[in-house]
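First comes the structure, then the notes that go with it.
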Amino acid sequence: MKFRVDLDARGYEVHVGHGTRALLESIIRDRAPRAQRAVIVTSPQLRVLPWFDFVTGVEADVVEVPDGERAKTPATFVELVETLAQRGLSRDDLVVAIGGGAITDLAGFAAASYLRGIDFVNVATSVAGQVDAAIGGKTGVNLAAGKNLLGAFHQPIAVVCDLDVLETLPPRDFRAGMGEVVKCALLEGLDGEGLRSMSFDAQVELAIALKARVVSGDEREGSTRALLNYGHTLAHALERASIAQGRDDLRHGEAVAIGLAFAARLARALGRLNDAGVAVHDEMLASVNLPTRVPDHYDTLDLLEAMKHDKKAHHDLTFVLAGPEGFSVVRGVDTELVRHELEQFRGES
Ligand SMILES: NC(=O)c1ccc[n+]([C@@H]2O[C@H](COP(=O)([O-])OP(=O)(O)OC[C@H]3O[C@@H](n4cnc5c(N)ncnc54)[C@H](O)[C@@H]3O)[C@@H](O)[C@H]2O)c1
């Protein structure tokens, strides 16, 4: 199945299904006909997996970067662009990112910067990568001051989501990716039964279709793309606090799950959602075994402070919230109300 991200000349297809990695060669021939070389960016841990059998149709070198979030540093980024230069990549050549969101973010940023921008293809190998990170052109690495603070918008020329490769994904990473799937299902108005009635493949397709459609309408997050940040205000605060405490004990999707449960309660406190709506959020998150409570070691006031400084907020408390007329970005939510709701939420058994 194919979904189009429709951005005129910069538009591209997201190829989803079982065995779609075999399409890579024809995708490159079609989308980058002048390419003679490719650099495949991946991690040593992924390179040895049984599905790592890619044919590009051009001269290709594999370059290994550290696994997971450790790939997303300015130092690794510079090392990677130096390698692209050493391998003699020209403006006609391309980068192929094969990995989870960390690798597609890093490799995409290298492709955005090298020679002021060359083509890249994302082969997304995690659930989070397939339904979210690989699509939409947000690329970048982390700074000491926070996640994803150094980066660029640069769209890939194609995205490949092979559902077969998810078989080797560790269970915790699989579950975490489902946090983004649940987010998309909620944004699409599904309830627990609606989600359960779909196969896993259909759930992934629903999330990809939503992301492709939203990015097509609002590439730079000027309006509707911001709705994809549902659950992310508290999630980013938890991630910041977790890194500040040197714990790094929460996956992004787990933090999003907690953020979704909280956003539902905040919407209820503002009279935008009823108890049944809150229960739908809890049920959907529980059905994929995701956490819905803030771990004890996070301090409410620290989280409140971090939420105010979320890079997507505008120096106030900004949330995406459900409402009678659908979801919207709500700015300037009262600090005292948020603190109270967060305390209540934490007190729930
Ligand atoms: N650019 C965006 O729009 C966007 C959106 C969401 C998330 N992100 C970023 O994505 C990252 C999270 O992505 P992620 O959850 O994929 O994490 P990740 O890339 O860190 O991967 C998690 C782990 O899963 C392993 N893995 C990936 N695919 C595998 C497979 N098929 N089999 C076995 N192991 C596999 C990785 O090697 C890694 O150890 C974060 O850095 C986040 O900031 C970016």
Side-chain angles (χ1 to χ4, degrees), residues 1-6 13-21 23 51 100-101 122-136 159-217 224-225 227-232 235 251-261 263-264 267 273-274 276-292 320 322-323 326-327:
M1 188 172 285
K2 279 195 292 193
F3 296 94
R4 181 151 182 86
V5 178
D6 202 355
E13 318 284 350
V14 182
H15 302 262
V16 192
H18 291 273
T20 50
R21 66 190 185 284
L23 300 173
W51 46 259
N122 278 333
V123 179
T125 63
S126 66
V127 176
Q130 296 192 352
V131 303
D132 196 3
I135 308 166
V159 178
V160 176
C161 300
D162 188 337
L163 299 167
D164 286 345
V165 312
L166 299 178
E167 275 171 30
T168 55
L169 194 61
R172 188 167 174 197
D173 291 294
F174 188 93
R175 269 199 309 276
M178 292 307 289
E180 296 288 353
V181 173
V182 169
K183 176 198 79 179
C184 292
L186 285 162
L187 288 171
E188 290 288 51
L190 261 66
D191 59 11
E193 200 172 330
L195 186 67
R196 273 195 306 278
S197 70
M198 298 171 82
S199 66
F200 170 73
D201 294 8
Q203 293 173 354
V204 169
E205 283 162 11
L206 169 130
I208 291 175
L210 174 66
K211 178 106 193 219
R213 193 177 77 231
V214 169
V215 171
S216 300
T224 45
R225 188 165 177 179
L227 297 180
L228 296 176
N229 296 325
Y230 190 35
H232 283 58
R251 298 278 198 283
H252 177 68
E254 294 167 346
V256 169
I258 299 167
L260 290 170
L273 193 69
N274 58 22
V278 175
V280 165
H281 282 67
D282 288 354
E283 187 203 343
M284 286 168 85
L285 293 165
S287 74
V288 290
N289 294 317
L290 278 166
T292 49
V320 176
F327 290 86

Here the gap from E13 atom CD to R4 atom CZ, rounded to the nearest 0.5 Å, amounts to 5.0 Å

Can any side-chain N or O of D162 pair as donor or acceptor with the backbone N or O of H18 at less than 3.5 Å?
-> no

For side-chain contact (heavy atoms from CB on, under 4.5 Å), just list the numbers for C161 and V204, CA-CA rounded to whole Å, side-chain angles, deciding distance to a tenth of an Å, and then say yes or no.
-> CA-CA 10 Å; C161 300; V204 169; 5.9 Å; no

Nearest heavy-atom contact between G192 and E283 is CA-OE2, 3.9 Å

Where do A322 and L273 come nearest, in terms of heavy atoms and distance?
-> CB-CD1, 4.0 Å

Check whether any side-chain N or O of T20 sits under 3.5 Å from a backbone N or O of V160 as a donor-acceptor pair, and report yes or no.
-> no

With the side chain counted from C-beta on, respond yes when L210 and L228 share a heavy-atom pair under 4.5 Å apart, and no when they do not.
-> yes

Minimal heavy-atom distance between L187 and L227, with the atoms involved, is CD1-O, 3.7 Å

Is a donor on one side and an acceptor on the other found under 3.5 Å between the side chain of R225 and the backbone of G136?
-> yes

Does a side-chain heavy-atom distance below 4.5 Å link L169 with V127?
-> yes

Does any non-hydrogen side-chain atom of L166 lie less than 4.5 Å from one of F200?
-> yes

V288/R175 under side-chain contact (heavy atoms from CB on, under 4.5 Å): CA gap, chis, key distance, verdict | CA-CA 7 Å; V288 290; R175 269 199 309 276; 5.9 Å; no

Provide the full list of salt bridge (charged side-chain N to carboxylate O under 4.0 Å, His left out) pairs with a residue in residues 178-194, sequence neighbours left out, each pair given once.
-> E180-K183, E188-R213

On a heavy-atom basis, the closest approach of A257 and P291 is CB-O, 3.4 Å

N/O donor-acceptor pair under 3.5 Å between S126 side chain and G100 backbone | no

Under 3.5 Å, side chain of R21 to main-chain N/O of W51, donor-acceptor pair present?
-> yes

Within the side chain of H281, is there an N or O that forms a donor-acceptor pair under 3.5 Å with the backbone of A279?
-> no

Under the side-chain contact (heavy atoms from CB on, under 4.5 Å) rule, what do L163 and Q130 come out as? Steps first, then yes or no, please.
-> CA-CA 9 Å; L163 299 167; Q130 296 192 352; 3.6 Å; yes

Write down the atom of A264, the atom of Y230, and the distance for their closest heavy-atom approach.
-> N-OH, 4.4 Å

Work out which heavy atom in V280 is nearest to a heavy atom in L190; give both atom names and the distance.
-> CG1-O, 4.3 Å

G19 backbone acceptor or donor facing D164 side chain under 3.5 Å = yes

Does any non-hydrogen side-chain atom of M178 lie less than 4.5 Å from one of Q203?
-> yes

Using atom types as modelled and distance alone, determine if a side-chain donor or acceptor of K211 lies under 3.5 Å from a backbone N or O of D132.
-> yes

